[in-house]
Every structure is written in structure tokens, then in C-alpha cells.
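Just below is one structure, and these are the notes that go with it.
Here is how names work: the chains are called A, B, and so on, in the same order as the sequence lines, proteins then strands, and each is numbered from 1. Because only heavy atoms are used, hydrogens play no part in the values below, and waters and symmetry mates are left out as well, while side chains stay in.
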2 protein chains.
Amino acid sequence: MSDTEPQAEQAPSTRPHTGRRRNEAAHRAILDAALKLLAESDGTPVTIDAIARAAGVGKQTVYRWWPSKGAVLLDALTDRADQDVPGPDTGALRTDLRAFIAATFDAAQHSTTASALRTLTREAARDPHLAELMQSFVGTRRTALRGLLSRGRERGELAGDTDLDLIVDQVYGVFWYRFLLGHGPLDETVAERLADSLVRGSAAV
Amino acid sequence: MSDTEPQAEQAPSTRPHTGRRRNEAAHRAILDAALKLLAESDGTPVTIDAIARAAGVGKQTVYRWWPSKGAVLLDALTDRADQDVPGPDTGALRTDLRAFIAATFDAAQHSTTASALRTLTREAARDPHLAELMQSFVGTRRTALRGLLSRGRERGELAGDTDLDLIVDQVYGVFWYRFLLGHGPLDETVAERLADSLVRGSAAV
DNA sequence: GGTTATCGAGACTGCTAGTCTTGTCAAGCG
DNA sequence: CGCTTGACAAGACTAGCAGTCTCGATAACC
């Protein structure tokens, strides 16, 4: 059971001691180890002990820089994940929305990010601190989508009384629901169908 | 910290010993205690120890009848929750859907069920066994909704190539998303807007 | 050159799921 | 009647994990 993992990253004793200065190499090793374990474990929780062992650091070193396990995990994910939020502006709501949704679905397909995100979500269910951190991570994207919809409404592509927040939640609702349960596809076809029906459903009369 | 709870249900020593026969009173006491704790704890996990103590039974008695904590919790919820799935049939898809969604939203508003369901979901994130049990619980409702949509499509109220599963997931996606995060309302107005835009979005041409 | 902050390692606390133990009690069987 | 047996309440125990604390080593800083 103790040797099932590829075992660390070789770095344990290699890394030079930096005395009273912060050891940036250790910082990186922790993030790398966290991301690696997050990506490998499909669903099963990632422990701090495992991260520390894989990074070749003491647990105290982890807790010196991050307040909780959740913080480490989220940091590891955002560190690598493309932080750039899609903000397509093709001039037409339907195509903007198609692009946005497709990009969102696509980003979640890359297996490394996917299993990391899945694990992170599961952990967030128990860790309020992490849940809060994830809220702000997700908030950025929600805001971008809302802006995109708002532009469309101003151009008259959506009815003036359209509930934009509801549309945002329909998009992310479907996304998370399928992403977490995995009972239906999240491909480009679905993205287009969803975008089209959302626009039609709230089109100006 | 040990006396914050109303403390048990008085029954501990009151309940008569049934010797070699199963004690149905204990069975009920466990379910009642589980539901009560589930309803009281908003978010914070419910422990088996707490259930056993509140029911005045030994932990072994709990595990004699249920395989895991999750099984007890789900059993407690389904035992009380209205198991009847809404299946309105008004003759028109738009009104059927409005009624179905409104009923779903409404059922989740009753505080007892709501916090129980929320806690249960959080636990399911960590307990695969419970997650599986919940799938079948939820599956019944998904099937009912899909049937409702299918009827509408057959009546020509939806385009023939409509992706019914995507609509189902939009409904439950929005529901769970808002239910768990609580950032937006789940009232009748939202139910109607959602139903209307879904029908319009996939209406036959 | 002494102080000080970081480091790796790992012991330790506290919490919880699930198992095992013990002594008790009544039902069923002879 | 009296012994066996299964369920029961209580709680000790194991195992796993988050987060804290301790310790000896090391190098920066004054």
C-alpha cells in the first residue's frame, strides 16, 4: 500500500536548505504534488500527509503557507488552470453564447483539470472555507457570462424583462450537474443546443 | 457543548427490552432521531454516535440494520419525505411543466426537508454508497419529468428533435445549483419563468 | 557569532466511521 | 423449569485524517 504511487518527484533531499529564507522550491513542490495527486485521485480525497510526503516537505511547511487543505488544493488548481475567462464578442448573442458554453465544457474535459475539479468540489462539500474560495473562483466566470448576456439584451436580442441570472444558472446548473454526476455528455453539440434554446427561450418578441 | 441539544427523546430506559426478538421501537427511534438531527444540523455532518445517543440505542444496533451511516440518513429522509412524485397532466406542456417545477421547488422549501436534503447531499459527496442510493431516489423524479416532456413532444408542443435529457438537466441543474449554493431564489416566479423559457426554447416551428 | 525564521520529520490531539466486547434481558425450545 | 440464543445498551477500540506542536538542523541577518 505504501509503494503504489510513483513515489515523490525525486526532489526530497536534493532541494537545498535556504536557512531563514523561504524556500520557493518547496513552495512549488507542494503545488506540483497537490496538483498531481488531485489529478490522479478520481474522487477519493487527497490527504495533506500525502501531499507533504510527495513533495518531500513537512506538514508544517504546508500549513505555514496555506491556512487549510482546501486552500492548497484550490491554489494548485488555479495555478495551472487557464485563469483567462472566455469573453467572446462575435457581435451576435447566439454565437457568443455558443462559444462561451463550448469553452466552458471543453475546459472541464481535460482529464487533469477534470478530476482535480471533481475532487475539489467534493472536498468543498465538507469544507466551508474551501467552498468560499471556490465561490470567488466561479464568480469570475459567472460575471463574464452575465456580461455577455447583458450585451445581447441591450442589442435587443433578448426580451427586456429577461431574467439573466436564471439563464446564467441554467448554463452553470447543467454544467455542474452533468460534470459531477457524469450521466450525460458535455460536448460541443450539447453546448450549441443549450445556447440556441436559451436564446430562443428568451428572445425578444 | 454536550448540552446544546434538547437531549434525546426521553425514551432511553423507557423502551422495554424485547429479548431475542427485534425491537421495532428501537428501529423507529433511530429513524426519528436521524431525521431530527438531519433537520436540525444545517450543513454540519450528523454523526452516528449522535444518532445512537439521541435514539438511546447502542451503535451496534444501528449497524445491525443498516450497512452505513448514509443508508440510515437516506432511509430517515425517504421515510418521511413525500415519496409521491408530482405528475401533473393538465393537457398543456407549459402548465404541466410549470406545475412540476413549482412542486419541486416548493418541496425543497420546507425547512425540515431542506436542511436534511442539504446535509445528505454534502455527505453523499464523500460517501459513494450514499451517492448511489441518492441517484435512485432522484432518478424517479427525473423519469417523471422526462415522461411529462415526452408527452408534450408527442402532442407537437416541442420540436421533434428536442433533446429532452438536456431539458431535464436544465431543470434539475438550476434546482440543485440554487438549492445548494443558495445564491438565488427557488420560488414560483422562477419556476414559471424557467418553464416558459424552456418550452419556448424548444417549441416546434 | 549569536539570534532567528524556515525546513523536514514525525509525534500528538481531536474527531468520526465502523467493529468488537461485555453484561443483560426475554423469547423459544427442550 | 431452565438452558440456549439472539437482540440490546453501553462503550472500548481501531483506523484514517486535519491541523498543531516539538525538535534538531541549517543558513540568513544583524
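Residues A:Asp169 and B:Arg178 are paired through a salt bridge, judged by an N-O separation under 4.0 Å between the basic side chain and the carboxylate. With respect to the salt-bridge test (charged N to carboxylate O, under 4.0 angstrom), the residues B:Arg193 and A:Asp165 do not qualify.
Taking atom CZ of A:Arg22 as the reference point, atom C1' of D:dT26 lies 18 Å away to the nearest angstrom. Taking atom CG of A:Asn23 as the reference point, atom P of C:dT6 lies 12 Å away to the nearest angstrom. Here C:dG18 presents its P atom at 14 Å from CH2 of B:Trp66, a figure rounded to the nearest Å.
Counting non-hydrogen atoms of other residues, nucleotides and ligands closer than 6.0 Å to CD of B:Glu188 gives a total of 12 or fewer. Counting heavy-atom neighbours within 6.0 Å of B:Gln109 CD, excluding the residue itself, gives a total above 12.
OP1 or OP2 of D:dA9 sits under 4.0 Å from a side-chain N or O of B:Arg15.
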Give me, pair by pair, the N or O atoms of the protein and of nucleotides 16-20 of chain D that are less than 3.5 Å apart, along with how far apart they are.
unit_1, atom_1, unit_2, atom_2, d
D:dA18, OP1, A:Lys69, NZ, 2.7
D:dA18, OP2, A:Ile48, N, 3.1
D:dG19, OP2, A:Tyr63, OH, 2.8
D:dG19, OP2, A:Lys69, N, 3.0
D:dG19, N7, A:Lys59, NZ, 2.8
D:dG19, O6, A:Lys59, NZ, 2.4

Expected rows: protein N/O vs nucleotides 26-30 of chain C N/O, under 3.5 Å:
unit_1, atom_1, unit_2, atom_2, d
C:dG28, OP1, B:Arg21, NH1, 3.0

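Note: A:Tyr177 and A:His183 have perpendicular aromatic rings, judged against thresholds of 30 and 60 degrees for the angle between ring planes. Taking the six-membered ring for Trp and thresholds of 30 and 60 degrees, A:Phe179 and A:Phe175 have nearly parallel ring planes, at less than 30 degrees apart.
Backbone-only engagement by A:Trp65 is indicated by non-hydrogen atom pairs under 4.0 Å involving sugar-phosphate atoms exclusively.
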With side chain to side chain contact (heavy atoms under 4.5 Å, CB included) as the criterion, how do A:Leu35 and A:Leu31 come out once you've worked through the C-alpha distance, each side chain's angles and the decisive distance to 0.1 Å? CA-CA 6 Å; A:Leu35 191 69; A:Leu31 286 179; over 6 Å; no

Apply side chain to side chain donor-acceptor pair (under 3.5 Å) to residues A:Thr162 and A:Ser202 and explain how you reach the verdict. CA-CA 6 Å; A:Thr162 302; A:Ser202 298; 4.6 Å; no

